[in-house]
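Single-structure report; data block below.
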Amino acid sequence: MITRRRLGQTAAAALAAPYLIRPADAQAASTLVVAATRTPGGFDGDALKPNTQNVVVQTYEGLTRYATRQSPDGRVRIDASRVEPHLAESWTSSPDGKTWVFKLRQGVKSFYGNELTSADVVWGWEKSLAQNRTGAFIARVSSVTKVEAVSRYEVKFTLSGPNAIFLRALTLYTPSIYDSTVMKQHVSADDPWALKWLDTNTAGFGAYHLQSLRAGQDAVFVANPNYFKGKPHFERVVYREVPSAANRLALIRAGQAQWTEELTQRQIVELQQDRRVRVEGEEGTGHASVRMNPRFEPFNDIRVRQAILFATDYDALNKSVFEGLGSQARSIVPPMIDGAFPDAWVFGTNIDKAKALLAEAGKPNLKITVEYSQIFFWEEQLCIQLRTQLARAGIELELKQITDADMRARTAPNRRDLPFFTFLDNPIVLDPIYALYLNAHSAGASNRNGYNNPQFDALIDQALIETDAAKRLQLARDAQRLHTTDATWLMTLYPGSFEAMAPNIRGWVWQPDLHERWVDLTVAR
Amino acid sequence: MSDDAAASSAPAPGSAPPRRRILLALGPPVRFLLRRLAMVTPILFGVLLFTFVLVRLGGQDPVVRLAGPTASVQQIEEVRAELGLDKPILMQFGIYVAKVAQGDLGRSWLNNRPVLADLRQRLPATLELLFLGVGLGALIGVPVGLTAAFGSGRAFDQISRIVSLFGFSIPTYWLGLIMIFVFFSLLGLAPAPMGRISLMAVEPPTVTGSYVIDSALARDPEALWSALGQLVLPVLCLAIVAAAPIIKQTRAIALDVLATDYVRFARASGLSRRDLRRIVLRNSLVPVITFIGAELAGLVGTSSLIELVFAWGGAGQYGLTAILEGDFTAVQGYVLYVTTFSLAIFIVVDLLVFLLEPRSRAS
């Protein structure tokens with residue numbers, strides 16, 4: 001029976017309880033706590049599950065890597081034009097560019113203590129080719145047909161033709177270089193690549209190693225004690241699942257997490273004013289675009305497409321959607337990649353011109369629908385602004401939200417049936433031809449709006465095998481001119497790539513895959 | 001809830017020899033339970049079919065996500081075939097039912113782990129939160145509801161109505177965020193909303209899966225303290241949401257009981273307030289318990305939002321993430337778990353009522 005006294009006691013206990021709880025003690029100095037969107041779904045770079053990419057880049061490293069340089073502001077930045085040795089010490093190539101021999105750095109050891117040999121490189125590439133997923137795609141775009149061991153420390157790559165992307169492709173986390181001695185201990189007849197084991201384990205030569213995983217809670221990584229570049233600053237990284245963005249923000253503010261994932265632009269602006277947090281940013285390579293599929297009415301008419309571009313107010317979008325932090329996009333190739341060509345873009349805001357083009361196309365009162373999802377924070381806000389802007393040119397824009405999965409499915413190569421939609425693609429290899437191929441070639445995996453111009457395809461196909469740098473650059477420019485003029489992309493802005501961290505964290509270097517490397521991070525004294 | 005059919009099949013007490021009488025006394029609840037259990041299978045089958053179809057008609061297609069951002073048409077189709085999604089939907093359902101019948105809920109597409117293992121691992125976290133939250137809600141709600149009914153129209157009643165209205169209308173997600181803002185960010189009293197135990201505490205060895213019980217068993221005061229601390233905000237949050245309807249319902253039930261002839265008679269006979277309260281409580285108990293049971297089942301969904309806010313890592317968070325990501329097998333497994341849990345709660349409540357309420361047996 002509940003008595004009044006008991007009720008009183010219960011209520012008092014409930015009220016007093018929060019005051020008795022101490023916040024968790026300050027984290028040990030050598031532990032980095034990352035407030036993550038979720039724990040990784042797996043650790044196989046060839047089968048990307050949610051948040052897999054975020055962590056495999058910490059455990060697997062490439063034969064090469066982008067060179068870095070110190071900027072005047074003291075920050076270290078990637079030099080996209082130069083590739084330098086990493087797990088490989090040096091390399092040679094045949095005059096026809098079809099055969100490359102890499103000499104591996106000696107004494108590189110995995111967490112398990114096994115030394116890196118050519119057999120490890122071969123095993124990883126064979127795994128990727130057998131799986132036929134992400135790694136196989138990288139092999140294809142870099143024309144790799146065969147990888148074989150020449151000696152214990154030498155590995156030979158055979159290419160179907162010369163390929164300018166190849167060395168950059170080797171900077172990627174996949175095809176991964178596994179400690180094949182360990183991997184082979186976990187294979188079975190029906191699982192020859194130990195994929196099951198990879199769901200919850202890592203075996204790389206990178207700076208970190210997965211120590212434990214509690215799905216839905218956290219993944220704990222420890223520094224590889226044998227890492228060839230010396231011990232990383234953080235000995236332990238707790239990758240903690242915090243699904244709510246508001247809480248990730250609260251945690252970084254309270255100093256309970258030193259790094260946080262996926263904040264919105266609004267939150268970034270808030271944090272820029274906050275002394276408890278350090279915000280760093282780069283322009284990045286992903287640009288917020290609204291794409292038009294020329295297979296559908298009325299986007300099959302170039303005048304309609306161009307009218308939409310002329311009717312858009314880019315400055316206003318930057319202010320209202322991107323908090324003024326964005327920079328305008330004028331080509332499908334990001335400015336930070338050598339070979340970006342913005343000069344063909346001539347679509348500054350001009351309502352009269354937009355109206356004239358629509359009248360010419362016989363569509364003075366156009367009614368169109370834009371479909372958007374919630375994959376990117378800016379989608380809905382951008383569409384709302386666009387509705388007002390296009391209305392000034394007599395275009396009535398209807399907004400339709402679809403699910404994230406639907407957006408991905410309907411813009412994938414097997415469907416591509418959205419007429420007008422928002423998206424952002426991020427070329428992971430810093431090369432103009434790669435970006436153009438990926439986003440606009442008829443066979444490109446991210447050509448989501450089904451752009452199909454045989455002339456463009458021919459330029460890219462030619463550039464893929466062109467070895468002369470100047471000629472290749474010209475081909476990239478011609479292709480961009482064609483794509484920009486065809487106006488199938490309403491290119492808006494680069495929202496920028498921002499990271500929020502504890503105020504004493506230093507050393508962040510922007511990476512094309514948008515994931516920080518924990519090994520780069522240190523603590524300022 | 002009563003079960004008249006089951007009750008009426010019991011012969012009148014007193015007509016059987018003593019030994020048989022015990023059996024008869026035991027008989028109806030067991031028979032009642034069996035009848036309830038017989039209903040479970042068709043319900044579960046219906047839910048299975050419904051979820052299976054709904055998930056597939058929902059416009060979600062996880063295949064593209066799984067195939068990766070660089071996948072070609074052929075690779076996408078390969079992944080689809082790997083998952084068996086290229087087969088006719090009826091065949092897919094047949095395969096799924098056959099597996100479920102063997103206790104295999106399939107593997108999650110997003111983490112490759114068996115769904116059943118994932119749910120089992122996360123269930124203690126959810127149950128701990130749910131039972132404590134609803135339990136606290138009932139501890140607050142029932143006495144407040146009763147007191148409000150006794151003083152109907154007075155100040156306490158008015159205040160409790162406003163408070164329960166607040167609990168009704170407040171979005172759970174928002175309440176969680178506000179509590180974190182106030183108690184963690186602003187006052188610094190609550191621990192970081194990062195799951196069930198502090199990053200600095202060592203997780204106790206798993207016995208029950210509940211950190212509170214396990215750390216108590218392991219005699220680890222630090223882990224116990226940490227686990228209790230992490231529980232306070234989410235449990236309070238759930239309790240507030242749970243208490244509101246319990247207050248309202250208890251008040252309404254108690255008012256009905258207060259208006260009955262036997263209470264009026266008791267009052268007229270000059271029984272003390274204390275005795276009156278006991279009569280009203282005893283007579284309100286059955287509908288109140290039924291309601292709390294329904295609340296417990298109904299709040300499974302709400303608690304998943306709370307889990308998400310507090311990064312609880314329980315089954316609710318698992319289900320919610322699966323729904324958002326289009327992880328079909330995990331969604332199906334989650335819905336099946338919610339259904340089973342709700343059915344179990346209803347059966348327990350029915351059984352309790354059956355045992356508590358003499359009328360349901362003797363009628």
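Just so it is clear: chains get the letters A, B, ... in the order the sequence lines come, proteins before strands, and each one is counted from 1.
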- Message: For A:Gln401, I'd like to know if atom CD has over 12 heavy atoms of other residues, nucleotides or ligands within 6.0 Å.
- Response: yes
Sort [X] into side chain, backbone, both or neither according to what part of it lies under 4.5 angstrom from a heavy atom of chain A.
X: B:Leu308; answer: both
X: B:Phe181; answer: neither
X: B:Glu307; answer: neither
X: B:Arg122; answer: side chain
X: B:Arg282; answer: neither

- Task: Identify whether NZ of Lys or CZ of Arg in A:Arg448 sits under 6.0 Å from the centre of the six-membered ring of A:Phe421 and within 45° of that ring's axis.
- Result: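 Pair A:Arg448/A:Phe421 does not count as cation-pi.
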Under a 4.5 Å heavy-atom cutoff, which of [options] has the most pairs with chain A?
options: B:Ser108, B:Ser185, B:Pro193, B:Gly176; result: B:Pro193
options: B:Val63, B:Val79, B:Leu320; result: B:Val79
options: B:Phe310, B:Trp312, B:Tyr211; result: B:Tyr211

- Kindly indicate whether the side chain of B:Glu128, heavy atoms from C-beta on, has any atom under 4.5 Å from the side chain of B:Val235.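 Not touching, per the 4.5 Å side-chain cut-off.
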- Task: Flag the pair A:Asn132 / B:Glu78 as yes when at least one side-chain heavy-atom distance between them is below 4.5 Å, and no otherwise.
- Result: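 In short, these two side chains touch, coming nearer than 4.5 Å.
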Should the pair [X]-[Y] be classified as a salt bridge under the 4.0 Å nitrogen-to-oxygen rule?
X: B:Glu82; Y: A:Arg133; answer: yes
X: A:Asp191; Y: A:Lys196; answer: no
X: B:Glu203; Y: A:Arg214; answer: yes

Measure [X] against the heavy atoms of chain B and call it side chain, backbone, both or neither at under 4.5 Å.
X: A:Arg140; value: side chain
X: A:Asp199; value: side chain
X: A:Ala47; value: neither

- Item | Centroid-centroid distance, A:Tyr434 to A:Tyr437, less than 6.0 Å | no
- Query: Can the ring centres of A:Phe423 and A:Phe376 be said to be less than 6.0 Å apart?
  - Reply: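 Ring centroids of A:Phe423 and A:Phe376 are less than 6.0 Å from each other.
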- Query: Considering residues at least two apart in sequence or located in another chain, which fulfil the side chain to side chain donor-acceptor pair (under 3.5 Å) criterion with B:Arg113?
  - Reply: B:Asp118, B:Gln121
- Message: So which residue, A:Arg415, A:Gln53, A:Arg408, ends up with the most heavy-atom pairs under 4.5 Å with chain B?
- Response: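 Most heavy-atom pairs within the cutoff with chain B belong to A:Arg408.
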- Query: What are the two closest non-hydrogen atoms of A:Val56 and A:Tyr173, and how far apart are they?
  - Reply: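 Heavy atoms only, the tightest pair is CG2-CD1, 3.6 Å.
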- Item | Neighbours of chain B found in residues 238-247 of chain A - heavy atoms under 4.5 Å |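 Near chain B, by residue number: A:Val238, A:Arg240, A:Glu241, A:Val242, A:Pro243, A:Ser244, A:Ala246, A:Asn247.
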- Considering the options A:Thr134, A:Asp46, A:Asp44, which one meets the side chain to side chain donor-acceptor pair (under 3.5 Å) requirement together with A:Thr174? A:Asp46
